[in-house]
Undergrad: 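Handing you a structure now.
Residue indices begin at 1 and follow the sequence shown.
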Amino acid sequence: MSQQSSSSSSSVMKAVLVKQPGGVDQLYIGETERPEPKANELLVKIHSFALNRMDIIQREGRYPVPPQASPILGVEMAGVVVETGSEAKRFKVGDKVFGLMYGGAYAQYATIDEGSALPLGNLSMELGSSLLECWYTAYQAVHLIGKLKRGDDILIHAASGGVGTAAIQLAKLAGARRIFVTASSAEKLEYCRKLGATHPINYREQSFKDVVLEETGGRGVDVICDYLLASYFVDNIASLAVDGRMSLQGMMGGQVCENVNLAPLLFKRLRIEGSALRSRSLDYQRSLAAVFCENVLPHIESGDLCWHISMVFDWEDIAGAHRLMESNKFTGKIVVRVTENNKR
């Protein structure tokens, strides 16, 4: 039997909507239909949600949204369960949860698969809402694809962002020997160093390939976590050791490589795998949630793994939050509070 709180009876809610694909001026807070939970889902009254770069691309109309996703932006949130589907058994009305979903987080209410929801425990709403897209992506890159082992060397690009800072700490926790990272400024690199990076590289001043090969005696690294794709592809291949693994998680540096010598992939027995978490199956995301709960979440709850929220906005300034994301002048995560749901 489903459960429902009296506060969730209205069929209408407020959400951040997009007038038409374009810039931040297309965002506005309007009314839309409140979702209804399916049998295996929870309806959550959202306290806060976090921004991701895919939100910018989706706002511009350039993101291939999965067919099962809400058209409303946002994939991660934290809040309170106000209704449960008929087959949902793990949570009850009033429980505080956080989770990653296919879409719909920029709203007062959203539905989430019960197997994808996690108990908030002693985490704050803001922290919980900001964790999963980055930590799931980093865990995929470092462990599920990268197969990082104790004593391996790793190179992490875009290291001062959310995924990068999570990957640094996962690599350190796993016992990586050398953790090479790239970023654009001394301040960002110092931040990465404090998290565990051993070889910070300012990509505006140095060739990461030259640094990696010099420091490893020409061997290269065992694992690369890359988010640039085309612009770094050739130097990434040169930076990988024999039997190296590279995870491709983004394409901020373009999609097309011209005149690329592919022979090293064969001779060095390289493994390269791309992954877009949002398009993964529900079963995959459920299993990732379970692995995260067992292997990572306890270290976050204990404070052994650090996490940084750059700024918290009220959702009336959602345009300001998107502008900060686009500026790239931040470290960690950007969080937005659903103002109506935070009034006492």
Side-chain angles (χ1 to χ4, degrees), residues 47-56 74-78 98-100 105 118 120-142 154-174 176 179-203 225 227 249-250 252 277 292-293 295-315 317-318 320-337 342:
H47 176 285
S48 56
F49 58 84
L51 268 61
N52 293 283
R53 295 197 183 277
M54 73 180 82
D55 302 346
I56 307 297
V75 297
E76 54 185 340
M77 58 78 201
F98 66 113
L100 186 72
L118 304 177
L120 190 66
N122 62 7
L123 303 179
S124 70
M125 290 282 191
E126 288 82 5
L127 183 61
S129 69
S130 71
L131 288 173
L132 296 184
E133 174 66 21
C134 288
W135 283 93
Y136 284 4
T137 301
Y139 193 90
Q140 269 194 144
V142 173
I154 186 171
L155 168 62
I156 301 166
H157 291 302
S160 65
V163 178
T165 55
I168 291 169
Q169 295 180 81
L170 289 174
K172 181 181 178 181
L173 187 66
I179 303 174
F180 296 89
V181 301
T182 64
S184 62
S185 69
E187 292 78 15
K188 289 182 177 181
L189 290 170
E190 177 60 18
Y191 176 57
C192 293
R193 187 193 64 76
K194 290 179 179 178
L195 293 176
T198 60
H199 292 72
I201 304 166
N202 188 325
Y203 65 78
C225 301
Y227 313 94
Q249 307 289 333
M252 294 188 295
L277 182 57
F292 174 83
C293 264
N295 297 332
V296 181
L297 186 57
H299 295 284
I300 295 174
E301 292 176 327
S302 68
D304 293 337
L305 295 178
C306 301
W307 196 233
H308 175 59
I309 294 175
S310 178
M311 183 172 281
V312 179
F313 290 81
D314 286 331
W315 77 341
D317 193 18
I318 186 64
H322 271 233
R323 288 191 188 98
L324 179 59
M325 171 68 75
E326 291 174 331
S327 75
N328 204 32
K329 296 178 179 178
F330 67 97
T331 55
K333 290 287 286 192
I334 300 168
V335 171
V336 177
R337 279 190 295 250
N342 282 271

Undergrad: Would you call Met325 and Asp55 a side-chain contact if the rule is heavy atoms closer than 4.5 Å?
TA: no

Undergrad: Go through the structure and list residues passing ring-ring contact (aromatic ring centres under 6.0 Å, His included) with Phe98, not counting sequence neighbours.
TA: none

Undergrad: What residues form a salt bridge (charged side-chain N to carboxylate O under 4.0 Å, His left out) with Lys333, not counting sequence neighbours?
TA: Glu76

Undergrad: With sequence neighbours excluded, tell me which residues meet ring-ring contact (aromatic ring centres under 6.0 Å, His included) with Trp315.
TA: none

Undergrad: For Asp317, give me all partners under salt bridge (charged side-chain N to carboxylate O under 4.0 Å, His left out), at least two apart in sequence or on another chain.
TA: none

Undergrad: Ser302: which residues meet the side chain to side chain donor-acceptor pair (under 3.5 Å) condition with it, sequence neighbours left out?
TA: Asp304

Undergrad: Does the side chain of Trp307 come within less than 4.5 Å of Leu127's, by heavy atoms?
TA: yes

Undergrad: Nearest 0.5 Å, please: how far is OG in Ser48 from CD in Glu126?
TA: 5.0 Å

Undergrad: Mind checking side-chain contact (heavy atoms from CB on, under 4.5 Å) for Ala158 and listing every partner two or more places apart, or none if nothing turns up?
TA: Tyr227, Met252

Undergrad: Under the side chain to side chain donor-acceptor pair (under 3.5 Å) rule, what pairs show up with a residue in residues 156-169, not counting sequence neighbours?
TA: His157-Thr182, His157-Asn236

Undergrad: What distance do Leu131 atom CG and Leu100 atom CG have between them, rounded to the nearest 0.5 Å?
TA: 11.0 Å

Undergrad: Please round to the nearest 0.5 Å and tell me the distance separating atom CG of Leu51 and atom CD1 of Ile56.
TA: 6.0 Å

Undergrad: Suppose we screen for ring-ring contact (aromatic ring centres under 6.0 Å, His included). Which residues come up paired with His308, at least two apart in sequence or across chains?
TA: Tyr191

Undergrad: Please list, chain by chain and in numerical order, all residues satisfying side-chain contact (heavy atoms from CB on, under 4.5 Å) with Ala171, sequence neighbours excluded.
TA: Leu148, Ile154, Ala176, Ile179

Undergrad: Please list all pairs meeting salt bridge (Lys or Arg N to Asp or Glu O under 4.0 Å) that have one or both residues in residues 192-202, counting only residues at least two apart or in different chains.
TA: Glu190-Arg193

Undergrad: What residues form a salt bridge (charged side-chain N to carboxylate O under 4.0 Å, His left out) with Glu326, not counting sequence neighbours?
TA: Arg59

Undergrad: Restricting to non-hydrogen atoms, name the atom on Ala186 and the atom on Asn202 that form the minimum distance, rounded to 0.1 Å.
TA: N-ND2, 4.3 Å

Undergrad: With rounding to the nearest 0.5 angstrom, report the OG to CG distance, Ser130 to Leu123.
TA: 9.0 Å

Undergrad: Look only at the side chain of Asn342 and the backbone of His47, and say whether a donor-acceptor pair between them is shorter than 3.5 Å.
TA: yes

Undergrad: Please name the pair of heavy atoms, one in Ala78 and one in Ser129, separated by the smallest distance, quoted to 0.1 Å.
TA: N-CB, 3.6 Å

Undergrad: Considering all heavy atoms of both residues, which atom of Lys188 and which atom of Asn328 are nearest to each other, and what is their separation?
TA: NZ-O, 3.1 Å

Undergrad: With sequence neighbours left out, what residues match Tyr139 under ring-ring contact (aromatic ring centres under 6.0 Å, His included)?
TA: His143

Undergrad: If every non-hydrogen atom of Val142 is compared with every non-hydrogen atom of Ala167, which pair is closest and at what distance?
TA: CG2-CB, 3.9 Å

Undergrad: CD/Gln249 to SG/Cys134 distance, rounded to the nearest 0.5 angstrom?
TA: 11.0 Å

Undergrad: Check whether any side-chain heavy atom of Ile168 sits under 4.5 Å from a side-chain heavy atom of Lys172, and report yes or no.
TA: no

Undergrad: Hey, what do you get for NZ (Lys329) to OG (Ser310), rounding to the nearest 0.5 Å?
TA: 12.5 Å

Undergrad: So which atom in Gly128 and which in Leu120 form the shortest heavy-atom distance, rounded to 0.1 Å?
TA: CA-CD1, 4.1 Å

Undergrad: Compare every heavy atom of Gly99 with every heavy atom of Leu132, then report the nearest pair and how far apart it is.
TA: CD1-CA, 3.5 Å

